[in-house]
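Working notes for the structure below.
Just so it is clear, the values below take in all heavy atoms, side chains as well, and ignore hydrogens, waters and symmetry mates. For reference, positions follow the sequence shown, starting with 1.
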Amino acid sequence: MPTIKNKVAFLRELLALKEVIDTGQIHAAAERNGIKHSNMSKLITDLESRYKARLLLRSSSGCVPTNTTRQLYTDIENIVVLLDTLMKNVAEPDELTGYISIWTEEGFAGSLLFIELYKLYAKYPKIRLDILTNRHVNSSNPDIAIMDMRSTDKIPGTKMLFKFKTKVKFYSSPAYLEKYGVPKDMDDMLENFDMCIRQKFLELPECNFIVKRAKKLNITADSASIIYQLVCDGAGIALMPEWCTMKNTKLVEVPNIDFDYEYVLVGISNPLTMKSPKIRAFLEFFYEFCLEYDIPLEIFE
């Protein structure tokens with residue numbers, strides 16, 4: 001009969017496997033839990049020895065669960081849910097601990113959303129958010145991904161949590177407009193003013209006219225942060241989401257321009273973890289945030 005020591009060791013290996021699947025990398029799982037990479041790797045190797053099967057497909061870009069592991073993951077998740085329930089029964093009121101990993105495109109709401117996170121931390125001081133921008137997104141990592149609605153079909157196995165729209169308009173710095181004047185209309189702007197546009201927006205069908213007609217398309221970049229900073233520093237005019245200018249006095253909407261586009265973003269999650277207390281806590285915060293700034297938000301259960 002297995003001893004308590006053997007059961008604890010087995011449980012630790014199972015939880016390690018779940019962490020690696022959730023983060024997509026052994027190194028990230030080890031760092032997230034404060035243990036050595038070699039120790040995390042050994043836990044996975046020991047578990048594979050128990051099952052006499054490969055549980056992860058390892059590569060330089062990360063780890064992907066095998067078919068054998070997918071059913072095992074569901075069983076581990078059930079164990080985790082039970083453990084969370086037991087721990088919640090002995091926790092202090094309103095105590096919530098652990099990590100919430102959120103993937104977002106670079107620059108998403110950097111000037112607005114993330115500076116409001118103190119409200120979440122005030123309620124749950126033991127919660128930590130891992131904000132990911134460059135790591136590859138798959139069906140198990142991260143807890144929440146906020147992305148362009150048209151990109152969600154590239155990540156199978158996820159479920160939509162929420163959807164919201166934001167206006168996309170032309171913005172510039174007051175200093176730039178003071179120096180070069182205000183465009184008379186769209187044609188004048190595209191003919192005579194410096195345009196700094198994010199490459200992703202240029203690829204939208206609604207924005208093809210910029211590529212075709214702009215005479216001074218001076219700067220394009222994949223990085224939203226680079227475009228944002230350049231325009232704040234007076235480099236020209238950019239097409240940006242409306243939330244970029246909330247609480248930002250460095251940018252103003254360019255007048256006399258007849259252009260209106262709604263950019264749809266969605267939040268998706270792994271169905272195995274989306275109903276966990278930590279995810280619900282973030283959704284509650286996000287709902288209040290959108291309500292405060294009058295951002296239309298549609299939440300799906």
- side chain to side chain donor-acceptor pair (under 3.5 Å) filter on Thr45, not counting sequence neighbours, yields none

- Query: What residues form a salt bridge (Lys or Arg N to Asp or Glu O under 4.0 Å) with Lys169, not counting sequence neighbours?
  - Reply: Glu242, Glu253

- Arg12 atom CZ: more than 12 heavy-atom contacts under 6.0 Å: no

- If you group Ile, Leu, Val, Met, Phe, Trp and Tyr by side-chain heavy-atom gaps below 4.5 Å, do Ile100 and Val81 land in one group? no

- Task: Please collect all salt bridge (charged side-chain N to carboxylate O under 4.0 Å, His left out) contacts where either partner lies in residues 47-67, sequence neighbours excluded, each pair once.
- Result: Glu13-Arg50, Glu48-Arg58

- Any donor-acceptor N/O pair, Thr69 side chain to Leu72 backbone, under 3.5 Å: no

- Message: Over 60° means perpendicular and under 30° means parallel, so tell me whether Phe209 and Phe259 are parallel, tilted or perpendicular.
- Response: tilted

- Message: Closer than 3.5 angstrom, by distance alone: can the side chain of Ser41 be matched with the main-chain N or O of His37 as a donor-acceptor pair?
- Response: no

- Query: Is it the case that one hydrophobic cluster holds both Ile44 and Phe10, taking links as side-chain heavy atoms less than 4.5 Å apart, direct or via other members?
  - Reply: yes

- Item | Name of the residue among Val266, Leu265, Ile299 meeting side chain to side chain contact (heavy atoms under 4.5 Å, CB included) with Phe164 | Leu265

- Message: Filter on side-chain hydrogen bond (donor to acceptor under 3.5 Å, both in side chains), then keep only pairs touching residues 172-183, sequence neighbours left out; what's left?
- Response: Tyr176-Asp194

- Message: Looking at Ile35, is its backbone amide N or carbonyl O close enough to the side chain of Asn33 to form a donor-acceptor pair, meaning the two atoms are under 3.5 Å apart?
- Response: no

- For Leu217, the side chain to side chain contact (heavy atoms under 4.5 Å, CB included) test, sequence neighbours excluded, returns Met195, Ile197, Leu202, Ile210, Ala214, Thr220

- Item | Ile146 reachable from Tyr287 in the ILVMFWY side-chain graph, under 4.5 Å edges | yes

- Item | Test item: Asn256 side-chain N/O and Pro183 main-chain N/O as donor-acceptor pair under 3.5 Å | yes

- Query: With Val80, which residues qualify under side chain to side chain contact (heavy atoms under 4.5 Å, CB included), at least two apart?
  - Reply: Leu15, Lys18, Ile76, Asp84

- Message: Please tell me whether Leu204 and Val211 are part of a single hydrophobic cluster in this structure, the criterion being side-chain heavy atoms less than 4.5 Å apart.
- Response: yes

- Message: More than 12 heavy atoms of other residues, nucleotides or ligands under 6.0 Å from CD1 of Ile4: yes or no?
- Response: no

- Atom of Gly181, atom of Phe193 and distance for their closest heavy-atom approach: O-CE2, 3.2 Å

- Message: For the backbone of Tyr99 and the side chain of Lys278, can you confirm whether one donor and one acceptor N or O come within less than 3.5 Å of each other?
- Response: yes

